[in-house]
Amino acid sequence: MAADNREVAEGKQHQGVDEQIAYSLDVSAVGSSPSSPVVVVKDVTAGTVVTSTIMPTNAPTVRGDVITLSPLKLLTADRLYRVEVKYTVEGWVLESYCCVQARECPRE
């Protein structure tokens, strides 16, 4: 069963350029036991694919209904990134995404 909205429920994430964060995706709302996860990271600001630069290891893992991505790192300040995760659940090929806003320091 495919979800109507592919963006993660938490919405846009914010990450400092010096941080390294391994994001997780719980797919239990659309099915169970995801397999074959594939991650692509796009620099929305520049209009380019940057997976090998900011997620050089790119080896997502699956435990139960949760896909854990490799750490996102080496971001450029004030760039917006789109992290797309394609996976298979119950015979369906699905794709979820989140946007990550890179910041040099927090803004109020």
Side-chain angles (χ1 to χ4, degrees):
M1 167 188 310
D4 291 330
N5 188 350
R6 300 180 312 127
E7 184 176 15
V8 298
E10 294 80 7
K12 185 191 297 183
Q13 304 297 301
H14 296 270
Q15 181 173 330
V17 295
D18 295 326
E19 295 179 315
Q20 297 182 25
I21 299 176
Y23 293 95
S24 295
L25 175 65
D26 183 338
V27 303
S28 59
V30 294
S32 60
S33 303
S35 62
S36 308
V38 176
V39 180
V40 174
V41 183
K42 298 176 180 175
D43 180 333
V44 176
T45 308
T48 58
V49 174
V50 293
T51 312
S52 62
T53 304
I54 68 169
M55 190 179 282
T57 303
N58 197 3
T61 60
V62 176
R63 174 174 271 179
D65 296 340
V66 177
I67 301 169
T68 301
L69 311 184
S70 297
L72 196 64
K73 56 187 175 180
L74 304 172
L75 305 181
T76 301
D78 299 319
R79 296 279 176 115
L80 179 65
Y81 297 92
R82 180 179 166 116
V83 181
E84 300 174 349
V85 184
K86 184 168 53 171
Y87 52 94
T88 302
V89 169
E90 299 174 9
W92 295 92
V93 177
L94 304 174
E95 185 177 70
S96 298
Y97 73 91
C98 75
C99 290
V100 177
Q101 181 68 58
R103 297 281 188 223
E104 183 64 41
C105 59
R107 294 186 182 173
E108 298 193 25

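The shown structure was predicted, so the numbers you read here are calculated from the model rather than taken from an experiment. In what follows, residues are counted from 1 in the order of the sequence shown.
Contact annotation: the side chain of Y87 approaches that of L25 to within less than 4.5 Å [non-hydrogen atoms, C-beta and beyond]. You'll find the side chain of V27 stays beyond 4.5 Å of the side chain of S96, heavy atoms only.
Here the closest non-hydrogen pair linking V89 and S32 is CG1-N, 3.5 Å. Between P37 and P60, the closest heavy-atom pair is O-CG, 3.7 Å. Contact detail for V39 and T51: the closest heavy-atom pair is O-CG2, 3.8 Å. D65 and P34 make their closest contact through CA-CD, 3.8 Å (heavy atoms, listed as atom of the first residue, atom of the second, distance). Scanning all heavy atoms of the two residues, the minimum distance from H14 to R103 falls at ND1-NE, 4.4 Å. Taking every heavy atom of both residues into account, K73 and Q20 meet most closely at CB-CG, 3.5 Å.
A distance of 11.5 Å separates SG of C98 from NZ of K12, quoted to the nearest 0.5 Å. Atom-to-atom distance recorded for E90:CD and S33:OG is 8.0 Å, nearest 0.5 angstrom. Residue I54 holds its CD1 atom at 8.0 Å from CD of Q15, rounded to the nearest 0.5 Å.
At a threshold of 4.5 Å between side-chain heavy atoms, the hydrophobic network of Ile, Leu, Val, Met, Phe, Trp and Tyr places I21 and L75 in one connected group.
Listed for the S24 side chain is no donor-acceptor partner under 3.5 Å among the backbone atoms of T68.
In this structure, V49 belongs to a hydrophobic cluster whose other members, linked by side-chain heavy atoms under 4.5 Å apart, are V40.
Screening V41, L94, L69 against V85 for a side chain to side chain contact (heavy atoms under 4.5 Å, CB included) leaves a single residue, L69.
Sorted by first and then second residue, the salt bridge (Lys or Arg N to Asp or Glu O under 4.0 Å) pairs with a member in residues 38-48 read K42-E84, D43-R79; sequence neighbours excluded.
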V83/Y23 under side-chain contact (heavy atoms from CB on, under 4.5 Å): CA gap, chis, key distance, verdict: CA-CA 10 Å; V83 181; Y23 293 95; 5.8 Å; no

